[in-house]
Structure formats: C-alpha cells, structure tokens
Amino acid sequence: MDIELIKGTLSVMVLTLLNREPMYGYQIVSRIRECTNGAFEWTPGALYPSLHKMEAGGLIEGEWAGEAGTRRRKYYRITDAGRKVLLEKTEAWKRLCRAMDQVMERGNG
Amino acid sequence: MDEIERYLDDVCRTLGGSHDLRQHIRDELRDHIGETIDALAAKGLSLEDAAHKAIEDFGKPEDMRRELQSVYGRQVTAFLIGRAIAWKEQNMKSGWKWSFAATGVLLMLIVGQVLCIYAPFVFIFPGIRWHFEALGEALPALTAASLRAGTLVLGREAIPAWALLVAVLVAWGIFEWRSTSENKALIRLACGIFASFLLTAVLCFVAFATVLGLAEAASLSFHADPRPYALKQLSQAQNAIGDLRKAVRTQDRDAAHHAESHFTSALWNLRSDRQTASLVATGRPGQVETLQAMMQTMEEQSRWVRLDRRQKDMDALTETWNRFCREINYDSPPVPAAGGQSDDASGGAMSTGP
C-alpha cells in the first residue's frame, strides 16, 4: 500500500484503537493487522516515531506497566486532547470518503 | 542478542533528550523485538533466525533514528562521536597507513610543542630573571607565574619532567597492550588531539609570558637609570676577580672556569655604550672607548688565566683591573698585583659620580 497514504491514516487508526483501551506498541501493530486482514502491515519503524510524536503533542500518554520478572511494557492511552483530535479527524476522513465515493460513482456512471 | 543491542545502539545513539528517555525508548523497542521473536519462534523459527527477522521487520535503523530525532532532537556529543566513527570506518579501514601517518604527525606536533614550551625555561627565563634581579626590579606577574609553574615541573626538587614523560609513555604502553577496542586508533588520535590542545594552551601562556618578560626587560634597560646596574656589575666583577685569584692559587680548574665566567659576564654587561658612559667620571673625550678597550683586554686576559692558571697572567689581569678602577674612580679595595693573599673582594663604591 502507498506509504504516504498509510502515514496519513496511521494517527487516526492509532487514536481510534487507543480510544477503546490502552495498548502497547506490539499490540497496536497486531490489532491493526487483524482488523484489516493484513491489508495494513505497519512496521515498528513507522509506528514508534508516530507514537512518540503524538505523545510529545499531548494526544496520548504512555505509562510503563509490568511486574518484576516479567516483560515491562509501555501502555499508551488517549488523552482528552487526543479524543478531540480524533473526532475532528474522523469527521474529516468520513467527508473525504463520501466525496471519493461520489466522484467514483459519477466517474463510472 | 548482540545483533539486537547493536540495532538499538544505532537507533538511539545520537538521540537528544535525557539518558533516561533514551533508555525508555531502548526498552520499548527491545520489548517489541522480544514479542516478535516469541511469535516467530512459536511458528518454528530458530531464535537466531527469529531475531534476525524481527530486526529486519523494524526497517533501517537510520530511518527510525531520523524520525525519532524529529521528535527529540539530536545529541551533539553523540553526533560528533558518531561522525568520528563513521569517518574512521570510511578512511581507516582501508589500511593501517592512515592511522600510522595521523598518529605520527600528531606525535611530532606534540614533541614540537613540548620543546617550544621547554626552551624558554632553559634559554630565556633564566636571563630575564637575572636581568630583573640585577636591576633590583620585580618580574612581571605573568612571567613570574610562568616561572613558578615551570619550576614545579622542571625544578630540581620538583617532579622531574622525565618522570612525567615516563608516566605518559607507560600509560600509552598499557593502552596499546591491554586495549582490544576496535576504535583503538580513534581513541589514540582523540587522546593525542586533546593533549595537543592542552599543550597549545600552555604554549600560548608561556609565549605570552616570555614576550612580556622580554619587553619589560628591554623597557627597563632603556629607561632605568643605568648607573645602579653598572655598579652591580662592577661589584660582581670585583668578586669574580677575587675568586679567580683564589682558583689560581689552589689551581682549581672548575673554580677558575666559574669565576672567569662571572667576570666576563659582568664585563659583557658593562660594555654597552650606555653602561660604560654611566661609569665615566671625568667626561674626558674618548674615555668610553678607552674603558671598552680595557674591558676587552681584561676579557682576553681572564681567558688565559682560566686556561693556564698562571700567576703571571693573573697579575696582568689584576693590573689592568686596578687601572680600570682608577680610570673610573671606582673606590674598590685594591687587588694585590703580585700574588698577594688578600681575599677581600667585596664591592666598592664610586667616590665621585660622573
């Protein structure tokens, strides 16, 4: 899939997933793969810089969890600011999809 | 697992932010790689293959580093070290010649700097100090500080310079013997460059102190009253003649050499027109030239005394000296001319000024 297109959708998808429950990096990649039946194969090299950018921007926040002797993981949760941005981006994305649908229907018709 | 740590090193090496932040990023990425390895191992891959595949899935380390740098910035020191290592890999892997040539040039530079620092302490500072002492003036502060610092390293009772040199060579030898780092050449060069920077700072200080000392000494020589200085020289010459006479009597070659050296040194300092003129009592035309000629004669006579230590030559020198003292009206205790026993050679005084 086009890398630029993926980059544009990445933050929306991450915020959507985190809006349901806190997740760690590997879990996010796996969940996206499952949800899209493998259509989106994010590399960690793309995911982590985006997660850290969103964390620095205050859209999500990370917290380390894990007991002694087990693997420690950094769980990300969405913030209020992140929910607001998610709402805006979801609306924008829906508008874009509707517009694309209309263009394609009329173009074919 | 080294492969994983190397990958994480590559990603996090030049990232900005605190050490803790870099450590958190490392832990997070290591956790992800660990999860991927577990998943791949569950599918039947060996741990080694699983680790290799997990790292491959992460993508190029420089891409991730660049992305993370856009969030956290870049660490300057780590960046410089990274560039140095990259330079080393590009230039020095081609052979030992680069390393050898660079180390050789650096070593020559350091030796040159050490010699340039050492030289003023041996050849210039003693003269400057002697000059100021003779004039009864204090040394310029910077020159005095430089001399004190030099005495700490070069003085007889301080740490000898060669001990420092041996310590440095021993440290270097241990490094060459024990270090197994693949960046050995780079570390060697970095230490050399650091040492050279330090030596450059010391050299600048010493050079400035030298120039200042020389300038002040020259200024004093031109502006100070030459007469007290000339009297000191006369007194020194008088003492030296006494010592020389003793050395002839005892046939002590070393003492003769020492006394003659002091005598000629005092005369040499008196022979400038300015100094000689300050001794002239009567202002008679040509008197300065006459005195200078007498001093030249005494220098030659003292040389013969030093070489042969004959009483006859000593008498000739004493005769010229007494004549010289009479000429300038120097009220010194007369030196016995025919092998007399008087050892009183203390300095006298001018009975009348010019």
Over 12 foreign heavy atoms within 6.0 Å of CZ, B:Phe175
yes
B:Glu48 atom CD, over 12 foreign heavy atoms within 6.0 Å:
no
Report yes if the side chains of A:Thr43 and B:Phe58 come closer than 4.5 Å at any heavy-atom pair, otherwise no.
no
Would you name the heavy atoms of B:Asp31 and A:Arg73 that are closest together and state the gap between them?
OD2-CG, 3.4 Å
Contact origin within B:Thr36 toward chain A - heavy atom pairs under 4.5 Å
both
Nearest 0.5 angstrom please: B:Asp57 CG to A:Trp42 CH2, how far?
15.5 Å
For B:Asp27, which atoms come within 4.5 Å of any heavy atom of chain A: side chain, backbone, both, or neither?
both
Expected contact set for residues 51-60 of chain A against chain B at heavy-atom separation under 4.5 Å reads A:His52, A:Lys53, A:Glu55, A:Ala56
Under 4.5 Å from any heavy atom of chain A - which part of B:Ile33
neither
Just how far is it from atom CH2 of A:Trp64 to atom CD of B:Glu28, taken to the nearest 0.5 Å?
5.5 Å
Test side-chain hydrogen bond (donor to acceptor under 3.5 Å, both in side chains) on B:His32 and A:Tyr24 and set out the steps.
CA-CA 9 Å; B:His32 191 115; A:Tyr24 57 93; over 6 Å; no
Pairwise distance CG(A:Leu47) to CE(B:Met64) - rounded to 0.5 angstrom
8.0 Å
